[in-house]
2 protein chains.
Amino acid sequence: MDNQQLLVRIALDAWNLNVKRTTDAFNGFTDEQMFIEIAPGRNRLVYLLGHLTAVDDRMLPLLSLGNRQYEQLDEAFITNPDRAIAGLPAITDLRTYWANINDVLTSHFNQLTPGDWLQRHTSISEEDFVKEPHRNRLSVLISRTNHISFHLGQIMLVKK
Amino acid sequence: MDNQQLLVRIALDAWNLNVKRTTDAFNGFTDEQMFIEIAPGRNRLVYLLGHLTAVDDRMLPLLSLGNRQYEQLDEAFITNPDRAIAGLPAITDLRTYWANINDVLTSHFNQLTPGDWLQRHTSISEEDFVKEPHRNRLSVLISRTNHISFHLGQIMLVKK
């Protein structure tokens, strides 16, 4: 493993660790408990599960890895706040989506070379990327890892 | 900037962003508000400020960058849970410590080369590091960035 591969591996290890911790945290709640609020008047656990799934799903096109699988989650879990949309998917389905999107992403990630990680993401134009080469796939990976950790801190507040 | 420098810069950008967001969040509370709990029965903001400062301070020896500056914070903010220790430092002092430790760390970080980042941290022995070269300074940086993000998610729950 050369230095570039090692640098990328460290970022991937952090991603995998945070996905696992978050999965373990969600799995520690029954389907009924998933409707508990993380704090009074704040998001319920079900919202965070849908939200994290939808945000991860958006990484597929953002990293040029394929089309989205769960675009239907955006309305209830990204565009709108918790409780704005009635008729959420079943908890058991959301758990499956979360596990699946992370499996799909991990499969892709394991095939990318350091050079691939340094390619631009699709939210930046080719022209701007010449001036801002740090706006690449790896920056998305690290940013999304922090996003998961941000919400994991909230999930861990919930008393069963 | 070569590829290794770019890979490191992305991790440093994420560190700087999360430190800034967290500083901004703490600065949005008055000293009195710093005694609000993040959720009922959970840590108060003052505890998170001291905790994050102490954990960041531990990075100095962990990354072989120098001796600790705020070891006296450990008893109240790492070893013990919130409210276990009476007589906390003044909020204004804690704010100064937080700003200072991050300035000190950033000064060091800006001088490290990619090769420096791939050196072992001091919690792993030289023998083990041969087998596990990913347990290096950069892994600490990324892990501590996620740690800040974890608690930032909690801080953002507090209503003023």
Side-chain angles (χ1 to χ4, degrees), chain A residues 1-19 21-22 25 36-43 48 51-52 113-119 121 129 132-159, chain B residues 1-19 21-22 25 36-43 48 51-52 113-119 121 129 132-159:
Chain A
M1 190 177 290
D2 68 23
N3 281 358
Q4 288 188 48
Q5 291 170 323
L6 194 51
L7 291 162
V8 165
R9 175 174 165 186
I10 294 161
L12 277 174
D13 283 350
W15 164 266
N16 289 327
L17 179 66
N18 278 280
V19 167
R21 282 183 179 163
T22 303
I36 299 175
E37 296 174 327
I38 52 176
R42 298 300 192 183
N43 293 326
L48 293 187
H51 176 69
L52 288 170
T113 66
D116 292 333
W117 280 109
L118 291 174
Q119 299 298 308
H121 57 68
F129 185 60
E132 303 178 83
H134 56 282
R135 296 176 64 181
N136 51 40
R137 284 165 158 166
L138 190 73
S139 69
V140 172
L141 177 73
I142 289 181
S143 163
R144 292 305 177 275
T145 303
N146 280 307
H147 179 247
I148 292 173
S149 190
F150 180 97
H151 289 301
L152 178 59
Q154 300 175 333
I155 296 165
M156 298 304 283
L157 294 175
V158 176
K159 295 170 181 166
Chain B
M1 192 177 292
D2 68 22
N3 280 359
Q4 289 188 47
Q5 290 169 324
L6 194 50
L7 291 162
V8 166
R9 174 174 165 185
I10 294 161
L12 276 174
D13 283 350
W15 165 267
N16 289 328
L17 179 67
N18 278 279
V19 167
R21 282 183 180 163
T22 304
I36 300 174
E37 296 173 329
I38 52 177
R42 296 302 192 183
N43 293 325
L48 292 187
H51 176 70
L52 288 171
T113 66
D116 293 334
W117 281 108
L118 291 173
Q119 298 299 308
H121 58 68
F129 185 60
E132 301 178 84
H134 57 281
R135 297 177 63 181
N136 51 41
R137 284 164 158 168
L138 190 73
S139 69
V140 172
L141 177 74
I142 290 182
S143 163
R144 292 304 176 277
T145 303
N146 279 306
H147 179 248
I148 292 173
S149 189
F150 181 96
H151 288 301
L152 178 59
Q154 300 174 334
I155 295 165
M156 299 303 283
L157 295 175
V158 175
K159 295 169 183 168

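So that the names make sense, note that chain A is the first sequence line, chain B the second, and so on, each numbered from 1. Everything numeric here is computed off the predicted structure, so don't read it as measured data.
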Quick one: does [X]'s side chain have a donor or acceptor within less than 3.5 Å of a partner on [Y]'s backbone?
X: Gln154(A); Y: Gly153(B); result: yes
X: Arg42(B); Y: Leu157(A); result: yes
X: Gln4(B); Y: Gln4(A); result: no

query = Hey, are the side chains of Asn3(B) and Pro114(A) touching, using non-hydrogen atoms and a 4.5 Å cut-off?
reply =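 The answer is no, as the side chains (C-beta and beyond) never meet within the 4.5 Å cut-off.
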ask   = Under 4.5 Å between any side-chain heavy atoms of Leu6(B) and Leu138(A), yes or no?
value =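 Counting from C-beta outward, Leu6(B) and Leu138(A) never come under 4.5 Å.
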inquiry  = Using heavy-atom distances under 4.5 Å, tell me whether Ser139(A) contacts chain B through its side chain, its backbone, both, or neither.
reply    =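 Contact with chain B: backbone and side chain both.
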message = Is Met1(A) in contact with chain B via its backbone, its side chain, both, or neither, using a 4.5 Å heavy-atom distance?
response =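 The answer is neither part of Met1(A).
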request  = Quick one: which of Asp13(A), Thr145(A), Leu17(A), Leu118(A) has the most heavy-atom pairs under 4.5 Å with chain B, could you say?
outcome  =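 It is Leu118(A).
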key: Top of His147(A), Lys159(A), His151(A) for chain B proximity - count of heavy-atom pairs under 4.5 angstrom   =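 Max contact count across the listed options: Lys159(A).
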query = Considering residues, nucleotides and ligands other than Arg135(B), do more than 12 of their heavy atoms fall under 6.0 Å from its CZ?
reply =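 More than 12 heavy atoms, drawn from other residues, nucleotides or ligands, come within 6.0 Å of this atom.
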Among [options], single out the residue with the greatest number of heavy-atom pairs under 4.5 Å to chain A.
options: Leu152(B), Ile38(B), Ile148(B), Val8(B); result: Leu152(B)
options: Asn146(B), Asn136(B), Asn18(B), Asn43(B); result: Asn146(B)
options: Gly115(B), Pro133(B), Ser143(B); result: Pro133(B)

message = Minimum heavy-atom separation for Ala14(A) and Ile142(B), please, with both atom names.
response =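 Looking at all heavy atoms of both residues, the shortest contact is CB-CG2, 3.5 Å.
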